[in-house]
S.K.: 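Before I ask anything, here is the structure I am working with.
Heavy-atom basis, side chains included; hydrogens, waters and symmetry copies ignored. Just so we're on the same page: letters track the sequence lines, and every chain starts at 1.
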Amino acid sequence: MKLLLLHANHFKYEVTDKTPVAEDIDNDLKKKEMGEGLVVFLTVESNDELDIDYAIESGAKNIKEVSKKVNTKKVMLYPYAHLSSDLGSKEAAIKILDGVENELEKNDFDVERSAFGWYKSFEIETKGHPLSELSREIDVSEKEEEEEEEREIESDFYYIKPNGEELEVELNEKWVNKNVQDEAMKSYIFSEEIKGQPSEEPPSIDSMRRLEIADYEEASDPGNFKFYPKGNLIANLLEDWSKEIAVNRFGAMEIETPLIYDWSQPDIREQGKSFHERHYRVFPPDKEKKLVLRFAGDFGLFRMLKNSIISYKNLPLRIYELSKSFRYENRGELTGLKRTRAFTMPDIHSFTKNLSEGWKEYQKLYKEYDDLAKETEIEYAVVFRVVEEFYEENKDKIKEMLSYSNKPGFIEVLSERKHYWVVKHEFQGIDSTKGNSQLSTVQLDVEDAERYGITYTTKKGEEQGCIICHSSIGSIERWIYEIIENAHRMKKPKLPTWLTPTQARILPVSEQNESYAEEIGNKLKEKQIRVDIDDSEKNLGKKIRKAEKEWIPYIVVVGDREEKNNSINVRRREKDDEIEMKAEELIENINDETQNMPYRELPLPTLLSKRPKFVG
RNA sequence: GCCCCGGUGGCUUAGCCGGCAAAGCGACGGUCUUGUAAACCGUAGAUCGCGGGUUCGAAUCCCGCCCGGGGCUCCA
């Protein structure tokens, strides 16, 4: 079957003469007119006769999809022989046309159909927007098991309280307010599962620019950001930390695979086909190849392992990759650094012998990611999605993980397996405006290894598919978003000290104190503290104001008094006080706070007078 | 993608029922030699998001597009 779908402002036709295959028609079919709506030119081909029911079903499905995209429920079905040279019989064609019409009517469409087998004149004015002219092809011989989705898979929701008690969730405000105490969890349920009130612009969107972290780039595509030196530093530190977890703590091997993939490769296609409209396409100069930008982390790795020789002795096999991925998200779905079209994903994949080894890996990863979330000081809720059978057998372990996090859990239990995983969870970060966004996730995949031919040799010498544990801490961009959002929840916003660009700023009271300021600065720098010096000619009040606006956690004032005492005066942001101490005390203070966390130098001149302003 | 709102020096904004584009911050130059969130004086800096239309005349009114925010949808 071939379909040509046109979103029209206006359409009308009138029959002119009979063809040999004309159906008998009433007067009302001889002439019709429609305003805004979807005009579907439809050609039934001989192939369709092999499975008329499927042809009807998938024809209607395609029309439904397109009409949803262009947001209309008005459809004109117009039999049109000229799209194919391999026409089906008159009987099949009419049967299919009527079937599609019926199917659409069942779904509340306002459907009209025009006469089959007549010469007609028609007039059409199409809307001309990108989705207004589409064509579809349906080949019943390629019928796939897509209908699986049609099977009713039911979801039940449970809430596991911090004390381990399990309640069945009613998704309404009253129930949640009565039973859920945890604020992050409440925010998650209202924002994601119930959907709530219009919210404000998340304050991080303004802050990311003002603090010279990240910014929009009009010369790129929406959702592709530029990062200023400070933002780049924060991203690098998060990446260092993610690598630390993956490689040093978890024992993963780091790899790199390409950003661009060949769409004609069956495994790439297989993984991406249902989302192809959301892929950036790449057109090389020879125009022969169809390439796509990497849209997920897995397939470069999967291909690598497909060609690898893996013994049971090598398992669990853990691989780490940090890479940009690209998804052409709908324009209206983009929001600051929360949802972008280009994002940096650190992925850990663990290839294991069987379900129980996979499940062990899962729990390890869960704990690592939980540690990370704690170090970034963000607010988050834990959500599990799990297949019923697996849940019943492993409830105790899920409760154990929740108690490791010291948090309640929201559990979606699926009656049957719907996706490739049997269990997954998400850490849902909560905005200062109470919105949610998915951060870390771990997924226990029982399907893909076989699908992509990733096997290992067992003790007995047999080939067997792996169980794969997919996981990611979540995109670096989104972490930055959440960390800034979290800062806005405080009375005095502050980034975690290990991530904050300037950890201590030294303010000389007058020019005479500048060399002392540098002396202190060097002492701090030697101990891996990111420090800068405000050597501008402004008065002290103004220097302090500037430092406070930059959320600098330690503002160090040095004047004649301090020079005489060989001390420093420290304004501590978090404690909101001012205290005289020795430089060594401050060093100890900051080193304590940033212990075990990655360190990088400040990628900016120490003297403020040497620095450009990237944003006014 | 659809619906609603917005875009004026680097930043924050005023002007918007048409009539010379304003102010503060910041930058730069000078004065002041400074003690915990904005010292003083001066200078430069604007194709009013882009394109078209209406008009003697458009930042202002109309149309199209781009960019941003909210909602819907979506998130492999």
S.K.: Please determine, for B/G6, whether a Watson-Crick or G-U wobble partner exists with both distances under 3.5 Å, and give it or none.
M.R.: B/C67
S.K.: Students often get this wrong, so: under 4.0 angstrom with heavy atoms, is A/Gly559 touching a base, only sugar-phosphate, or nothing?
M.R.: base
S.K.: Keeping the roles fixed (side chain from A/Asn539, backbone from A/Lys542), state whether a donor-acceptor pair exists under 3.5 Å.
M.R.: yes
S.K.: Would you indicate what A/Glu270 reaches in the nucleic acid, counting non-hydrogen atoms under 4.0 angstrom: base, sugar-phosphate, or nothing?
M.R.: nothing
S.K.: Have a look at A/His276 and say if it touches a base, only the backbone sugar-phosphate, or nothing, with a 4.0 Å heavy-atom cut-off.
M.R.: nothing
S.K.: If you look at every strand shown and take non-hydrogen atoms under 4.0 Å, does A/Glu550 touch a base, only sugar-phosphate, or nothing?
M.R.: nothing
S.K.: Quick one: is A/Arg571 getting a side-chain N or O under 4.0 Å of the B/A37 phosphate, OP1 or OP2?
M.R.: yes
S.K.: Between A/Arg339 (CZ) and B/G1 (C1'), how many Å, whole number?
M.R.: 13 Å
S.K.: Which whole-number value in Å describes the distance from A/Arg210 CZ to B/C25 C1'?
M.R.: 13 Å
S.K.: Name the nucleic acid region contacted by A/Lys424, choosing base, sugar-phosphate or nothing; use a 4.0 angstrom heavy-atom cut-off, strictly under.
M.R.: nothing
S.K.: Have a look at A/Arg561 and say if it touches a base, only the backbone sugar-phosphate, or nothing, with a 4.0 Å heavy-atom cut-off.
M.R.: base
S.K.: Find out whether the Lys NZ or Arg CZ of A/Arg327 is both under 6.0 angstrom from the six-membered ring centre of A/Phe295 and within 45° of the ring's axis.
M.R.: no
S.K.: Just checking A/Leu507: base, sugar-phosphate only, or nothing, at a heavy-atom cut-off of under 4.0 Å?
M.R.: nothing
S.K.: Does A/Lys492 form a salt bridge (Lys or Arg N to Asp or Glu O under 4.0 Å) with A/Glu574? I'd like the steps, not just the answer.
M.R.: CA-CA 7 Å; A/Lys492 274 187 136 187; A/Glu574 198 167 9; over 6 Å; no
S.K.: Given atom CZ of A/Arg209 and atom P of B/U12, what is their separation to the nearest angstrom?
M.R.: 6 Å
S.K.: Applying a 4.0 Å non-hydrogen cut-off, can you work out what A/Lys538 is touching in the nucleic acid: base, sugar-phosphate, or nothing?
M.R.: sugar-phosphate
S.K.: Taking only side-chain nitrogens and oxygens of A/Asn330, does any of them come within less than 4.0 Å of OP1 or OP2 of B/C74?
M.R.: no
S.K.: Does the ring centre of A/Tyr188 sit less than 6.0 Å away from the ring centre of A/Phe410?
M.R.: yes
S.K.: Looking for any heavy atom pair under 4.0 Å, which part of the strands does A/Gln438 touch: base, sugar-phosphate only, or nothing?
M.R.: nothing
S.K.: Test salt bridge (Lys or Arg N to Asp or Glu O under 4.0 Å) on A/Glu212 and A/Lys613 and set out the steps.
M.R.: CA-CA 9 Å; A/Glu212 300 188 332; A/Lys613 263 193 176 53; over 6 Å; no
S.K.: Please say whether more than 12 non-hydrogen atoms of neighbouring residues, nucleotides or ligands are located less than 6.0 Å from CD in A/Glu450.
M.R.: no
S.K.: Look at A/Ser199 and B/G71 and indicate whether a side-chain polar atom (N or O) is within less than 4.0 Å of OP1 or OP2.
M.R.: yes
S.K.: Considering every strand and a 4.0 Å limit on heavy-atom distances, what is the contact class for A/Phe295: base, sugar-phosphate, or nothing?
M.R.: base
S.K.: Give one of base, sugar-phosphate or nothing for A/Glu218, where a contact means two heavy atoms less than 4.0 Å apart.
M.R.: sugar-phosphate
S.K.: Just name whichever nucleotide pairs with B/G42, Watson-Crick or G-U, keeping both distances under 3.5 Å, else none.
M.R.: B/C28
S.K.: Give a yes/no on whether any side-chain N or O of A/Lys613 is located under 4.0 angstrom from OP1 or OP2 of B/A27.
M.R.: yes
S.K.: Can you tell me if the side-chain N/O atoms of A/Ser510 get under 4.0 Å from OP1 or OP2 in B/G35?
M.R.: no
S.K.: When you measure from the side chain of A/Val615, which nucleotide among B/C11, B/A37, B/C75 comes out closest?
M.R.: B/C11
S.K.: Return the value, rounded to whole Å, for the distance between atom CG of A/Asn569 and atom P of B/A37.
M.R.: 12 Å
S.K.: Within the structure shown, what part of the strands sits under 4.0 Å from A/Ser437 by heavy-atom distance: base, sugar-phosphate, or nothing?
M.R.: nothing
S.K.: Among B/U36, B/U34, B/C75, which nucleotide has an atom closest to any side-chain atom of A/Ile544?
M.R.: B/U36
S.K.: Touch check for A/Glu201, heavy atoms < 4.0 angstrom, all strands: base, sugar-phosphate only, or nothing?
M.R.: sugar-phosphate
S.K.: Between C1' on B/A27 and CZ on A/Arg611, what's the gap in Å once rounded to a whole number?
M.R.: 17 Å
